[in-house]
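Data block below; observations after.
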There are 4 protein chains.
Amino acid sequence: MEGSEEKNSVSLEDLKLKMADFAKERDWDQFHSPRNLLLALVGEVGELSEIFQWKGEVPRGLPGWKEEEKQHLGEELSDVLLYLAGAQILLQAELSKVFQA
Amino acid sequence: MEGSEEKNSVSLEDLKLKMADFAKERDWDQFHSPRNLLLALVGEVGELSEIFQWKGEVPRGLPGWKEEEKQHLGEELSDVLLYLAGAQILLQAELSKVFQA
Amino acid sequence: MEGSEEKNSVSLEDLKLKMADFAKERDWDQFHSPRNLLLALVGEVGELSEIFQWKGEVPRGLPGWKEEEKQHLGEELSDVLLYLAGAQILLQAELSKVFQA
Amino acid sequence: MEGSEEKNSVSLEDLKLKMADFAKERDWDQFHSPRNLLLALVGEVGELSEIFQWKGEVPRGLPGWKEEEKQHLGEELSDVLLYLAGAQILLQAELSKVFQA
């Protein structure tokens, strides 16, 4: 439970650092291209969609889903978030809109 | 070469019949839901994107790609087309715009 | 009805020619980049998804949809198909798999 | 500059609360369906792709982009992030993977 709250307090800044490490460790030049990262994001959203593709409508909270299905889902959501954070670094874009309204 | 021309003369109607067979053979109820099929389409577009995600800019005609890479690509393009044809059946939508201009 | 059958007999080869004209008329260099076209395809699939995003489950055949909604849908499906045909040109990929099985 | 650091310390928990407010203010039942939200996410990723679709390769940091283009980009990235946070609420999924490694 404590672990869960810790996760929730992860900031966007943390995420960006995480992504920077991720790319640096691998010394992957491909991470330096915005369109590479964008296509990787599209790929991850595709994998997320595949989890839901043959299920018909799904109620919120996913009652009846197996633990490993939920875990797989969490991983795909994480991947989308990670590449989104990466895009933010490369694009030096501000995620301003969310926090104004 | 003849085979290739034959492929090219495949019509959208042929594709719809192909998709109908595909679904019927499997007796998959999931094919009867437009949003299932739409998410499957998104998933296939994601797989297509993954082929290109770490490649940087790619020249047309794909010089230097291995034969199996090209074949894999052809399969993903086919999958997108197949689900698109399926969507057309379920939605009973006309692909009119393309042919007017 | 006759018009509809005519549409259905449109072949993939016709589509490729259509797309080639479309690009040529505009003399758009951007059409010459596979990844440009791929991202355009992703964009069109996004527009298709937006039509369905707040609707909950949708029954096949779209009972109750207004004529203009159906027309809009047909246009988006057409756009996806058009860019898919364009991708096929640039990639010189064969849509073989669909027609074997 | 201070404002920018403030934004960066926004946590995933903040984002979830933001999304919950967003949905609650509008009393939109559609937000209660995971697949609605997923399709909305796909739609936003499509809009993000459209920004890059005809640009060819784009260098990191986006040199030469106009201020309004960058702002538009920031908005689209924010939209993706917002729907991703919404998906997380509905799915009660944990974004664990990112923070383990």
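In what follows, every heavy atom counts, from backbone to side chain, and hydrogens, waters and symmetry copies are set aside. Below, chains carry the letters A, B, ... as their sequence lines are ordered, and counting in each starts from 1.
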Residue D:Glu68 excluded, over 12 heavy atoms near CD under 6.0 Å: yes
Separation between CD of D:Glu50 and CD of C:Glu44, rounded to the nearest 0.5 Å: 6.5 Å
Any side-chain heavy-atom pair of D:Phe52 and C:Val42 under 4.5 Å: no
Nearest heavy-atom neighbours spanning C:Leu39 and D:Ser49: O-CB, 3.7 Å
Beyond-backbone contact of C:Arg35 with D:Gln53, side-chain heavy atoms, under 4.5 angstrom: no
